[in-house]
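Throughout, a chain's letter reflects where its sequence line sits, starting with A, and its residues are numbered from 1.
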Amino acid sequence: MSQGPILELRGINKSFGPVQVLHDVAFSVHPGEVTALVGDNGAGKSTLVKCIGGIHPIDSGEYLFEGERVHVSGPRDAAELGVEIVYQDLALCDNLDIVQNMFLGRERKSGLVLDEDTMEEMAAKTLAGLSVRTVKSLRQHVSSLSGGQRQTVAIAKAVLWNSKVVILDEPTAALGVAQTAQVLELVRRLADRGLAVVLISHNMNDVFAVSDRIAALYLGRMAAQVKASEVTHSQVVELITSGRSGELGIGNGIGAAS
Amino acid sequence: MSQGPILELRGINKSFGPVQVLHDVAFSVHPGEVTALVGDNGAGKSTLVKCIGGIHPIDSGEYLFEGERVHVSGPRDAAELGVEIVYQDLALCDNLDIVQNMFLGRERKSGLVLDEDTMEEMAAKTLAGLSVRTVKSLRQHVSSLSGGQRQTVAIAKAVLWNSKVVILDEPTAALGVAQTAQVLELVRRLADRGLAVVLISHNMNDVFAVSDRIAALYLGRMAAQVKASEVTHSQVVELITSGRSGELGIGNGIGAAS
Amino acid sequence: MTTETLPKQENADSAIGSHVKGYIERVRGGELGALPAVFGLIILCVVFAVLRPSFLSALNFANLFTQGAAVAVIAMGLIFVLLLGEIDLSAGFASGVCAAVLAVLLTFQGWPWYLAVLTAMVTGAVIGLVLGSLVAKLGIPSFVVTLAAFLAFQGVVLLLVKNGTNISIRDETVLAIANKNVPPAAGWIATAVGVAAYAALQLVQARRRAARGLVAAPMAVIAARVAALAVIAGAAVYMLNLERSRTAIVSLKGVPIVVPLIVILLIIWTFVLRRTAYGRHIYAVGGNAEAARRAGINVDRIRISAFVICSFMASIGGIIAASRANSVDPNTGGSNVLLFAVGAAVIGGTSLFGGKGRALDAVLGGAVVAVIENGMGLMGYSAGVKFVVTGSVLLLAAGVDALSRKRSAATGR
Amino acid sequence: MTTETLPKQENADSAIGSHVKGYIERVRGGELGALPAVFGLIILCVVFAVLRPSFLSALNFANLFTQGAAVAVIAMGLIFVLLLGEIDLSAGFASGVCAAVLAVLLTFQGWPWYLAVLTAMVTGAVIGLVLGSLVAKLGIPSFVVTLAAFLAFQGVVLLLVKNGTNISIRDETVLAIANKNVPPAAGWIATAVGVAAYAALQLVQARRRAARGLVAAPMAVIAARVAALAVIAGAAVYMLNLERSRTAIVSLKGVPIVVPLIVILLIIWTFVLRRTAYGRHIYAVGGNAEAARRAGINVDRIRISAFVICSFMASIGGIIAASRANSVDPNTGGSNVLLFAVGAAVIGGTSLFGGKGRALDAVLGGAVVAVIENGMGLMGYSAGVKFVVTGSVLLLAAGVDALSRKRSAATGR
Amino acid sequence: GGESGDTSADSGSSAAPSAAGDAKAGKIGVILPDSKSSARWETADRKYLEEAFKTAGVQYDIQNAQGDKSAFQTIADQMITNGATVLMIVNLDSGTGKAVLDKAKSQGVATIDYDRLTLGGSAAYYVSFDNNKVGQLQGEGLVKCLTDKKADKPIIAELNGSPTDNNATLFKEGYDSVLKPKYDSGDYKKGPDQSVPDWDNTQAGTIFEQMLTQEPKIAGVLSANDGLGNAAISVLKKQNLNGKVPVTGQDATVQGLQNILAGDQCMTVYKAIKKEADAASQLAIGLAKGEQPSVSGSVKDPEGNRDVPSVLLDPQAIYFDNVKDVVNDGFVTKDELCTGEFADKCKEAGIS
Ligand SMILES: Nc1ncnc2c1ncn2[C@@H]1O[C@H](COP(=O)(O)OP(=O)(O)OP(=O)(O)O)[C@@H](O)[C@H]1O
Ligand SMILES: Nc1ncnc2c1ncn2[C@@H]1O[C@H](COP(=O)(O)OP(=O)(O)OP(=O)(O)O)[C@@H](O)[C@H]1O
Ligand SMILES: [Mg+2]
Ligand SMILES: [Mg+2]
């Protein structure tokens with residue numbers, strides 16, 4: 001570990017009514033590193049991310065940020081800490097255009113009035129950096145965008161800000177080849193700038209290409225959190241599908257600690 | 001070509017207001033084959049699929065099914081022809097449960113009354129075949145499902161029926177490793193059963209793993225439609241990103257014809 | 001623990017314990033169903049009973065049903081429109097139009113009651129057809145279409161009753177609907193048959209599911225449900241079969257005829273919504289019209305049919321209102337009828353955004369509205385105070401509802 | 001052709017032609033904006049003018065504004081609530097309560113007009129605060145909260161005006177709002193200043209955007225817009241500055257005071273909705289409340305503020321209504337005021353599902369409603385027929401609107 | 001309502017409907033208040049006024065404000081726009097009434113207050129029944145019926161008109177002036193006393209049902225009009241109390257008269273609307289022709305502090321015995337009234 005984790009969760013439990021989705025999950029994120037969060041469909045990755053973002057309240061467990069216990073009761077709290085998240089279910093306002101969505105909640109103003117021009121310029125720059133070439137106009141409603149275009153807008157929205165932690169929930173799922181490469185490069189660049197980045201993905205190639213650390217969830221339990229360099233491709237797949245691989249995984253006493 | 005195409009589009013144009021999304025697109029689908037439809041984000045793949053499914057009316061062009069010109073003015077028409085589609089924006093009813101969604105519009109009945117038991121059984125069987133292991137109950141509302149689970153429900157919904165053409169728009173985008181493998185296997189199995197399958201994907205490995213034919217869209221134009229065995233991985237990527245590759249592609253006189 | 005949990009395997013331990021636990025957990029998880037409305041209702045009743053003991057009399061209990069019947073029936077129809085995320089502002093005056101048609105045919109034209117009632121109901125259906133077609137085919141927002149209809153029907157009622165006269169209804173059969181009672185013995189028999197049929201249905205269904213290896217309700221749970229129904233229905237029938245006449249000469253007892261009428265309508269529409277493909281499609285269109293369209297559902301037809309059902313039910317509501325008032329006047333179906341009907345549906349738990357609601361909501365919410373009106377009538381406030389207190393009580397009932405939902409939702413989302 | 005089309009590059013050929021073509025194509029593509037409502041309005045006016053030439057007289061034109069003012073102002077406030085996908089059924093009676101407060105303070109307490117008006121407006125804001133808090137904090141559906149308020153306020157008005165009497169207003173300033181006119185000269189000056197300011201604003205904005213290399217409207221288009229505004233405003237002012245008294249003794253000319261009042265309110269709310277972060281957040285919450293929440297917007301506060309604005313505007317509507325009626329009675333804000341206000345917003349193009357609507361919608365829709373009422377008043381129908389015809393005309397106006405939208409939407413989706 | 005319907009279609013469309021019509025005899029505009037509080041406005045007043053205007057050959061326009069104050073003012077605006085020179089209004093409240101009258105006056109339009117006096121207004125004439133008197137007759141009627149039934153310390157329920165209708169307040173003042181002394185002396189006992197919003201008969205049913213539940217010994221019902229009375233009667237019927245508990249009414253509607261014939265209702269108040277309409281139309285026609293008709297009486301307007309030249313007519317209480325007066329007046333026809341089961345009763349009541 002280069003330095004202490006910037007964000008750390010301990011013993012997180014989360015149920016939806018009768019269904020317990022997260023069991024005693026520990027998870028930590030370090031600045032300057034890309035942490036990949038992997039797991040099967042329905043393992044609880046998105047739920048964990050939503051708990052971090054304050055979308056879902058946590059049933060029990062500790063939430064530490066920069067070593068201090070914090071209470072995150074809503075997205076505003078998370079944003080104030082400097083945690084920026086791209087959710088899997090994008091959550092864009094269909095009735096707003098691209099620029100409006102990208103600056104939502106953090107509009108640039110000059111005086112009372114919105115500074116549309118500055119926002120439009122900044123949006124154009126950010127999108128261009130993500131290899132978006134088919135968007136006809138920045139003043140298009142996001143409802144008329146293709147799946148990949150929407151995804152790009154959501155990513156651009158999150159990386160516009162100077163945050164300390166960036167979490168991307170399956171950011172490349174809908175992206176084309178070139179765009180995927182751009183996003184991965186962006187992820188790496190953010191980490192190199194000293195940010196802590198969490199990347200959720202089902203694509204092992206992508207995971208191994210950019211991540212420093214891999215955390216594997218299995219049926220709502222943290223199976224292992226290890227250095228990417230210390231595991232192989234097939235070991236991770238095994239962790240994902242069966243929760244254990246060799247001496248890694250649930251029931252081997254290593255579990256959540258890395 | 002083993003036999004004539006079951007579904008053939010010629011000279012399709014489609015605009016949304018001032019924006020023309022499809023230019024003179026030709027596209028054909030053969031029974032017993034998997035046709036991969038590839039293209040960059042915003043190339044117009046989903047729009048083309050929606051035109052086939054009758055979601056969007058076509059501005060101009062011919063729509064041939066089993067060699068005959070047909071007029072598809074709504075999803076019902078497409079379904080009657082035997083065309084089954086999984087759309088990228090899944091379109092599930094959040095307020096219904098998994099079984100209800102899977103049989104929507106084609107409920108099993110005994111007399112007037114819905115035959116819930118049969119439907120529940122069939123749904124369970126189909127989902128089990130798609131490696132879904134984390135769904136707690138089939139009577140769960142789909143709003144509470146994870147991204148991958150939703151995707152699986154949508155796929156299961158489409159393959160439940162005996163149709164002639166199955167079109168899957170980025171079906172594996174949100175799926176885990178095991179589930180992706182299952183779906184690709186399913187795709188192959190469907191084609192082997194004699195169905196015509198169209199697969200849209202950004203993942204070249206998947207595309208080459210299962211498809212017999214590859215059609216590449218570039219900025220709303222059909223760049224090429226070729227046998228998968230006749231092109232290489234990098235050629236396809238080139239077609240996607242620049243619309244041409246060697247003598248293939250737009251402006252080389254080959255274009256849409258394969 | 002939760003390894004592979006496809007439903008099958010739960011079958012083994014379909015013990016009572018797990019079922020009850022599941023229910024409690026579902027309730028805690030926010031799936032409250034009818035509970036909050038029932039809860040609000042009980043609080044209201046207790047408050048009124050404490051303030052005015054006569055609230056609990058057999059007479060008042062019977063009054064409650066006839067007073068709330070028209071609104072509950074109209075609300076039941078509105079549920080269909082609300083399920084689609086549409087609104088029908090004209091339902092109140094549609095009931096007025098149908099009542100006026102009935103009155104004109106009975107009193108001026110001298111038609112027999114069955115023809116007149118049938119024509120009134122057909123009128124309702126036709127109204128719905130027109131409204132629905134305008135909404136579905138032309139794409140005019142339902143708020144505007146039914147606002148226009150709200151105005152137009154007001155005029156139609158005026159024209160039908162000749163500009164402001166009241167038309168008396170003297171047909172005994174029509175008057176009986178809201179004013180007469182089922183003989184006590186018949187009430188008991190019908191209740192017994194109903195409970196038995198319910199028990200049989202539940203048993204058969206459980207058997208069938210168990211035979212197929214699907215999750216089925218355990219015997220004890222079924223027994224409990226049947227017992228609960230029997231107790232509630234029995235108590236109500238007992239109460240309504242008490243003598244409530246004040247004079248020795250006439251006897252006044254038995255279940256008011258509107259009660260079985262509402263029960264039958266409730267069963268029919270519950271069946272339609274829960275057990276038929278049509279009902280399923282209603283929910284689908286309300287939940288996600290585009291998804292429904294892609295699933296090959298004829299969305300326009302569903303829309304139109306919902307308006308037909310709504311106006312049809314409004315016609316029945318109008319007939320009940322006419323029967324109760326012994327007459328039809330230009331205000332029939334006017335005033336607060338519509339707002340109370342929509343309010344009843346919403347209080348019962350139906351969403352104005354579509355996709356969520358049950359026929360039972362109309363009856364429960366209708367009961368809340370009726371209890372408020374009934375209780376307030378006993379308090380003897382002046383007009384101004386009465387309005388204020390009624391509003392506050394309504395808010396209170398809805399607040400209890402909202403808070404209990406919110407509390408249990410805090411565990412989930 | 002369409003290779004890399006990020007906005008910048010369009011800048012080069014910001015010729016008039018492309019701009020106009022773009023507009024036509026946007027219209028054909030379904031982005032109709034105000035067109036259908038304007039279209040419906042024109043058709044209505046033509047029909048009435050043909051049937052009753054007096055419809056076009058200067059007197060009638062002036063009447064139109066005062067007749068429609070209260071509804072349009074209330075509708076403008078409702079837009080905010082509707083934008084969130086909520087509803088406020090109590091806006092009508094809230095205006096009644098504020099009017100009653102005004103009347104009591106002026107007439108019974110003898111307060112000066114400015115204090116009384118201010119108190120009435122504060123009353124409106126407080127009402128909105130309470131309603132909004134109940135909706136946002138307790139999570140009771142707004143339909144139920146405002147239905148309760150609808151009832152309660154009805155009672156409050158009754159209590160304030162003491163059961164059935166009415167309170168006359170004699171304060172000259174308050175009476176002037178709906179009954180007096182701006183001096184003709186002042187009207188002309190204000191118009192000129194307004195048009196000039198608009199032109200300046202447009203120019204500065206275009207300059208600034210062009211300087212930054214963003215797409216800007218070309219000079220010719222700006223000139224056309226300014227000219228259009230000048231012509232419309234000029235014609236209206238000219239018309240209103242004609243002598244419309246029928247006797248020689250008094251002179252009756254000038255723009256009614258409510259007109260600048262509405263114009264100012266329209267400008268303020270349009271500015272808030274389009275140019276401030278707050279307005280943006282209103283749209284975001286209405287479009288996707290969850291997305292807005294995740295973007296860190298305080299959704300509860302937005303909800304509450306929308307109700308505050310709505311009830312505040314209702315209070316202004318109430319003041320106008322009181323001024324016009326020279327009095328306040330228990331029916332102020334009752335009858336069809338609320339339905340017409342919501343109807344105005346919807347006809348103007350605001351969606352009841354939230355996320356779509358403009359302040360201008362209220363004025364356009366309010367104009368449609370006012371023209372219908374005004375025109376129908378000239379026709380001289382009997383009560384029943386008038387209701388029926390009014391409903392049909394409303395449907396017609398909405399139908400024109402819906403059809404024109406549908407037609408152009410067929411090219412898109 | 002077909003024949004009594006499109007008024008100006010009859011009178012207006014033949015001539016030019018615009019203000020430019022023949023300037024000699026002016027045009028008369030009449031605004032009726034609503035069609036729901038009472039049947040009279042659309043069925044009686046409109047008919048009689050039309051007949052009178054037609055006979056006199058003047059142009060006219062009769063409209064109904066449907067209880068909507070704003071619509072009331074709009075209609076007034078429109079009538080003046082359309083060239084009315086005489087405006088006859090039944091105000092919805094004194095405030096709007098005054099606004100309309102003042103505006104009309106400033107435009108040189110002559111005005112008449114019909115049936116309701118606009119306090120502080122500027123009408124040239126006032127024609128009416130005395131609403132206070134109507135209430136008194138109702139109170140006296142109830143006392144008479146109770147005396148006939150030899151009721152001992154009866155409990156009286158009052159079912160008042162709409163709380164938002166000023167006339168309802170006047171009626172109540174009238175009957176309370178009769179009943180209050182009885183309450184005070186202990187002859188009668190005051191029971192529940194509630195208003196019916198919008199004169200809505202359906203709500204009246206519920207309200208009365210609850211009164212009866214709360215106070216089961218109600219022995220007399222003072223209901224403000226026939227519609228409310230009928231609502232009370234239908235509740236009483238369920239308990240078989242109809243005919244035993246006297247109910248009052250107003251307006252002499254067919255329904256009310258039939259209820260009286262059946263013995264369910266004790267009395268109604270008949271306002272000979274034809275007389276009122278005739279008196280008012282004569283004044284209006286005179287004004288339209290530019291005359292200054294003179295009248296005998298006057299009423300003091302306490303608010304405006306002036307004497308308004310007035311024609312005041314007397315309402316009449318109707319019991320079983322004098323139902324025939326209403327028929328003889330032509331206010332209701334025998335055909336309407338004596339249908340089916342009522343034929344015998346009519347004979348009994350001496351209606352032929
Ligand atoms: N609101 C909810 N109510 C009930 N169950 C829920 C809810 N949200 C999620 N779940 C359940 O929690 C489990 C974990 O869901 P989650 O979305 O976290 O999975 P995931 O790891 O992100 O999967 P994927 O890779 O498919 O996105 C799933 O089984 C899902 O059904
Ligand atoms: N309703 C619409 N109105 C306007 N433009 C639209 C609409 N739908 C799609 N478009 C535009 O059409 C283009 C093609 O979109 P489409 O969804 O077909 O792309 P795609 O090939 O499926 O991309 P992806 O791989 O990202 O899913 C995009 O530029 C998109 O912005
Ligand atoms: Mg996920
Ligand atoms: Mg796509």
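- Interface summary for chain D: among A:Glu116, A:Lys157, A:Lys109, the most heavy-atom pairs under 4.5 angstrom belong to A:Glu116.
- Atom CD1 of D:Ile297 and atom CZ of A:Arg106 lie 10.0 Å apart (nearest 0.5 Å).
- In this structure, chain D has heavy atoms under 4.5 Å from both the backbone and the side chain of A:Leu104.
- Within a 6.0 Å sphere centred on CZ of D:Arg207, heavy atoms belonging to other residues, nucleotides or ligands number 12 at most.
- In this structure, the side chains of D:His281 and A:Glu107 come closer than 4.5 Å at one or more pairs of heavy atoms.
- Taking 4.5 Å as the heavy-atom cut-off, the residues of residues 273-280 of chain D that approach chain A are D:Arg274, D:Arg275, D:Thr276, D:Ala277, D:Arg280, ordered by number.
- Closest approach of D:Ala291 to A:Ala91, counting heavy atoms only: CB-O, 3.2 Å.
- Electrostatic pairing of A:Glu120 and D:Arg209 counts as a salt bridge here, judged by a charged N lying under 4.0 Å from a carboxylate O.
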task: List the steps and the verdict of salt bridge (Lys or Arg N to Asp or Glu O under 4.0 Å) for D:Arg294 and A:Asp89.
output: CA-CA 11 Å; D:Arg294 292 190 190 171; A:Asp89 48 350; 3.1 Å; yes
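- With a 4.5 angstrom heavy-atom cutoff, A:Thr118 touches chain D via backbone and side-chain atoms both.
- Under the 3.5 Å distance criterion, the side-chain polar atoms of A:Asn95 are left unmatched by any main-chain donor or acceptor of D:Ala284.
- Highest contact tally toward chain D, considering only A:Pro75, A:Gly111, A:Gly54, is held by A:Pro75 [criterion: heavy-atom pairs under 4.5 Å].
- At least one donor-acceptor pair under 3.5 Å links the side chain of D:Arg293 to the backbone N or O of A:Ile55.
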